[in-house]
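In what follows, every chain begins at residue 1, and chains take the letters A, B, ... in the order their sequences are listed.
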There are 2 protein chains.
Amino acid sequence: MDRELLLLGLLRRGDMHGYRLNEFIERDMASCVDLKKSTAYFLLDRMLRQGWVAASEEREGGRPPRQVYHITPDGEAEFQRLLRANLATYQPALFPGDIGLGYYDALPPDEARPLLAARRAALTALLDEARAAPPHAGALAWIVQHRVYHLESELGWLNEVIAALDSPTLVNTPPTEN
Amino acid sequence: MDRELLLLGLLRRGDMHGYRLNEFIERDMASCVDLKKSTAYFLLDRMLRQGWVAASEEREGGRPPRQVYHITPDGEAEFQRLLRANLATYQPALFPGDIGLGYYDALPPDEARPLLAARRAALTALLDEARAAPPHAGALAWIVQHRVYHLESELGWLNEVIAALDSPTLVNTPPTEN
DNA sequence: TTTTCCATGTAACTCGTTACATGATTTC
DNA sequence: GAAATCATGTAACGAGTTACATGGAAAA
């Protein structure tokens with residue numbers, strides 16, 4: 001659903017062939033969307049069969065011929081439908097890392113602590129990456145902003161957790177909610 | 001991976017049959033993990049074949065017989081392996097909702113605004129739910145804490161976005177990063 | 001008496017990834 | 001001459017979901 005929305009939205013701003021689309025997604029949206037090339041080609045082909053996009057073959061010099069896609073009226077309608085549905089809902093994220101955290105006490109503290117430190121290092125690296133990401137035009141910039149905002153929040157949380165687990169007064173228990 | 005970690009970790013705290021596991025996950029971890037019953041049964045069966053757990057059939061009264069699983073030494077080793085890998089890494093979350101946000105300006109503002117308001121309402125509802133979630137024993141409580149922390153951060157972010165989009169001075173442009 | 005609970009599964013399907021194939025052309 | 005770039009795909013696989021099947025017992 002959201003992948004089609006992504007592709008249709010990109011095509012709405014201008015015709016593109018698959019390779020360019022993939023390039024753009026990989027270079028400029030790598031941190032936010034995870035869409036493999038084969039998947040993109042597959043989705044473009046399916047949207048073609050559904051009539052959401054149309055293609056015209058082009059060639060330039062000795063390059064392989066390429067399918068340039070452009071969005072159709074049906075595709076535009078579908079885009080609007082998908083966009084409305086997307087904007088109106090909130091899809092909560094899941095954190096597989098929390099499962100491990102839930103079993104933190106299954107490991108001796110001296111072994112568990114450095115592991116969480118490694119997690120924090122990985123998180124910090126992602127945050128630096130996100131902060132260095134190339135700026136986007138228009139509303140697409142929100143995506144990058146959100147990533148930074150979120151990763152900062154995550155780092156804050158992880159620091160709290162680590163501090164609480166390191167504190168010798170509490171016996172590795174998270175704060176109660178009563 | 002993380003699902004196996006979840007199941008092994010639960011079995012580590014005490015033998016259980018599939019139905020009870022599913023019950024616990026659905027009742028007490030619904031907000032944090034999304035694991036369907038069939039998937040749980042399938043994973044239990046596979047872990048059985050892999051020797052990570054063993055099963056003994058029990059019956060009680062006129063009830064259907066049940067497979068009570070307990071973790072094996074191999075399973076414990078695997079649990080530790082999975083736990084270390086999980087704790088040491090950070091798996092970044094993706095936000096499909098951001099794709100829609102990135103195309104916010106494709107809709108007339110009067111139509112887009114209430115859609116985002118609906119998103120915020122959905123988010124608020126999830127937050128209330130998370131705050132009302134039953135408390136957990138030990139380190140598992142971190143999972144609930146994280147969910148609340150994260151949803152609060154998300155709400156803060158969304159409020160910022162909505163405020164910025166509503167503000168008539170800026171032309172629906174997110175803050176630049178220079 | 002119909003519904004719900006207990007308890008376990010199978011089969012078909014969707015979605016997406018991985019690995020691979022192709023072949024010309026430009027760059028090192 | 002080797003490697004990377006351009007450009008598009010296919011085939012096989014894996015993870016997970018959906019829908020369905022079963023069948024006795026307890027509750028409404």
Side-chain angles (χ1 to χ4, degrees), chain A residues 1-7 10-11 15-27 29-30 32-50 53-70 82 86 91-94 96 99, chain B residues 1-8 10-11 15-27 29-30 32-50 52-70 82 86 91-94 96 99:
Chain A
M1 297 261 95
D2 304 299
R3 292 157 189 270
E4 274 104 334
L5 176 62
L6 172 71
L7 292 174
L10 290 178
L11 287 179
D15 299 353
M16 277 206 265
H17 57 282
Y19 194 85
R20 282 270 166 275
L21 275 166
N22 276 314
E23 204 177 36
F24 180 80
I25 290 168
E26 207 184 19
R27 275 195 200 153
M29 313 190 66
C32 316
V33 210
D34 186 21
L35 180 66
K36 307 293 170 187
K37 297 181 188 196
S38 333
T39 310
Y41 280 120
F42 171 75
L43 289 176
L44 284 170
D45 193 51
R46 194 172 64 182
M47 293 197 297
L48 186 69
R49 294 195 304 268
Q50 283 166 326
V53 297
S56 50
E57 194 170 288
E58 275 188 17
R59 59 189 47 142
E60 196 183 325
R63 298 282 172 74
R66 51 205 198 188
Q67 304 294 319
V68 177
Y69 293 95
H70 55 97
L82 291 174
N86 181 293
Q91 299 176 241
L94 293 179
I99 297 174
Chain B
M1 299 260 94
D2 303 300
R3 291 157 189 269
E4 274 103 335
L5 177 62
L6 173 69
L7 292 174
L8 288 174
L10 290 178
L11 288 179
D15 299 354
M16 276 205 266
H17 58 282
Y19 194 85
R20 281 270 166 278
L21 276 167
N22 275 315
E23 204 177 37
F24 181 79
I25 291 168
E26 207 184 19
R27 275 195 200 153
M29 314 190 66
C32 315
V33 210
D34 186 19
L35 180 67
K36 306 293 170 187
K37 297 181 189 197
S38 334
T39 311
Y41 280 118
F42 170 75
L43 290 176
L44 284 170
D45 193 51
R46 194 173 64 182
M47 293 198 296
L48 186 69
R49 293 194 303 268
Q50 283 165 325
W52 299 354
V53 298
S56 51
E57 195 170 290
E58 274 187 17
R59 59 189 47 142
E60 196 183 323
R63 299 282 173 72
R66 50 207 198 188
Q67 303 295 319
V68 176
Y69 293 94
H70 55 98
L82 291 174
N86 181 293
Q91 298 176 243
L94 294 179
I99 296 174

Summary of protein contacts for nucleotides 10-17 of chain D, nucleotide by nucleotide, where a base hit scores B, a sugar-phosphate-only hit scores S (4.0 Å, heavy atoms): B----SSB

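Put simply, NE2 on B:His17 is 12 Å from P on C:dG9, counting in whole angstrom units. In this structure, CE of B:Met16 is placed 16 Å from C1' of C:dC6, rounded to the nearest angstrom. A straight line from NZ of B:Lys37 to C1' of C:dA11 spans 19 Å, rounded to a whole angstrom. Following rounding to the nearest Å, A:Leu44 (CG) and C:dG16 (P) show an atom-to-atom distance of 14 Å. A straight line from CD of B:Glu60 to P of C:dT8 spans 12 Å, rounded to a whole angstrom. In this structure, A:Gln67 atom CD and D:dA7 atom C1' are separated by 10 Å, rounded to whole Å. C:dT4 atom C1' lies 9 Å from atom OH of B:Tyr19, rounded to whole Å. Regarding B:Asn22, its CG atom lies at a distance of 12 Å from the P atom of C:dA7, rounded to whole Å.
In this structure, B:Ser38 OG and B:Asn22 CG are separated by 8.5 Å, a value rounded to the nearest 0.5 Å. One distance of note links OH of B:Tyr41 with NZ of B:Lys36; it measures 15.0 Å at 0.5 Å rounding. How far NZ of B:Lys37 is from CD1 of B:Ile25: 11.0 Å, rounded to the nearest 0.5 Å. Rounded to the nearest 0.5 angstrom, A:Leu7 CG and A:Arg46 CZ are separated by 10.5 Å. Here B:Leu82 contributes atom CG and B:Leu6 contributes atom CG; the two are 11.0 Å apart, rounded to the nearest 0.5 Å.
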Trace of the side chain to side chain contact (heavy atoms under 4.5 Å, CB included) decision for B:Leu11 with B:Leu21: CA-CA 9 Å; B:Leu11 288 179; B:Leu21 276 167; 4.1 Å; yes

Verdict with reasoning, B:Arg20 to B:Phe24, per side chain to side chain contact (heavy atoms under 4.5 Å, CB included): CA-CA 6 Å; B:Arg20 281 270 166 278; B:Phe24 181 79; over 6 Å; no

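In this structure a side-chain-to-backbone donor-acceptor pair under 3.5 Å is present from A:Glu4 to A:Met1.
Side chains of B:Leu44 and B:Gln67 form no contact here, defined as non-hydrogen atoms less than 4.5 Å apart. Side-chain contact between B:Arg49 and B:Asp45 is present, with at least one heavy-atom pair separated by less than 4.5 Å.
Base pairing in DNA chain C yields stems of at least 3 consecutive Watson-Crick or G-U pairs, both distances under 3.5 Å, namely C:1-28 with D:1-28.
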Pick out the pairs of N or O atoms, protein on one side and nucleotides 23-28 of chain D on the other, that lie under 3.5 Å.
none

